[in-house]
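As the structure lists them, so they are numbered: ligands from 1, and atoms in each ligand from 1.
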Amino acid sequence: MAKKSPPQRRPHAKKAKNATKSANKSANNVRPLIWISLAVIGLLVLVVAINQFLQGQDGQPVQYREAPSLEGQPVLGNGNAPVTVVEFGDYKCPSCKIWEERILPRLKEDYIDKGKVRFAFINVLFHGEESKLASLAAETVFAKHADAFWTYHHALFEAQASSHDSRWVTKERLVELAERHVPDMNLEMFKEELDRETALPAVETDMALVDKFQVELTPSVMINNVMLPDPFDYEAIQAMIEQQLEAAK
Ligand code: CA
């Protein structure tokens with residue numbers, strides 16, 4: 001009868017056990033890393049999805065939690081109108097000139113003049129120094145002679161050069177436009193204000209709104225808290241205004 005051999009310890013079992021222990025230990029070290037990596041990847045996917053949503057890449061209106069604050073902004077029309085339309089625009093931007101000429105007059109006739117909509121313009125500085133200078137001039141006119149703001153605003157777009165690259169925003173031109181369109185303006189003082197950039201805080205307020213509402217294109221148009229995917233689609237503008245008027249009842 002074969003002698004029952006005693007259970008044999010596996011050679012280096014202790015070592016192996018230790019190895020397993022250390023493998024477990026390193027697995028334990030690796031596991032949180034895997035979870036952290038997964039969490040980071042998940043977060044990145046979420047950020048990309050939110051970004052795409054906010055950019056309205058699917059051509060849908062993008063809804064924000066709130067409408068832009070109009071504090072310190074020029075407002076055209078009835079200040080208590082139930083619906084607010086905001087244009088984020090740039091005096092140097094050719095599309096903004098087109099929007100000013102084609103869309104704003106319709107908006108004015110259909111809604112602003114009827115007291116249903118108040119309209120505000122917020123400066124975007126996508127074209128460098130000239131954008132900034134034109135914004136400073138407009139904000140200075142607004143600060144000194146608010147009643148002449150919209151005339152000056154319109155004159156700035158009218159003065160826009162047909163060639164996008166030509167430099168037309170100069171202090172001389174801005175003073176000349178003020179002389180013609182803001183009769184009460186002290187031109188010496190106006191020029192000094194431009195030199196000293198006294199309206200810079202107002203321009204910076206606008207820049208902060210541009211950041212807050214992630215404006216990437218000019219013009220960008222918001223109706224209350226909704227950013228439209230296409231500011232030139234007047235039917236969509238009307239539909240959104242009607243929807244918001246209904247909601248305000
Ligand atoms: Ca402003």
Only one of Val117, Val226, Thr84, Val85 clears side chain to side chain contact (heavy atoms under 4.5 Å, CB included) with Gln244; which?
Val226
What class does the angle between the rings of His153 and Tyr91 fall in, given that below 30° is parallel, 30 to 60° is tilted and above 60° is perpendicular?
perpendicular
Near the Ca ion (ligand 1) (protein N/O/S, cut-off 3.0 Å, waters excluded) we have Gln73 OE1, Glu139 OE2, Asp206 OD1, Asp206 OD2
Let me know which of Glu139, Glu204, Glu197 forms a salt bridge (charged side-chain N to carboxylate O under 4.0 Å, His left out) with Lys132.
Glu197
Any side-chain donor near an acceptor of the partner, Tyr152 and His145, under 3.5 Å
no
Could you check whether the rings of Phe149 and Phe142 sit parallel, tilted or perpendicular, using 30° and 60° as the cut-offs?
perpendicular
With sequence neighbours excluded, residues passing salt bridge (charged side-chain N to carboxylate O under 4.0 Å, His left out) with Arg118
none
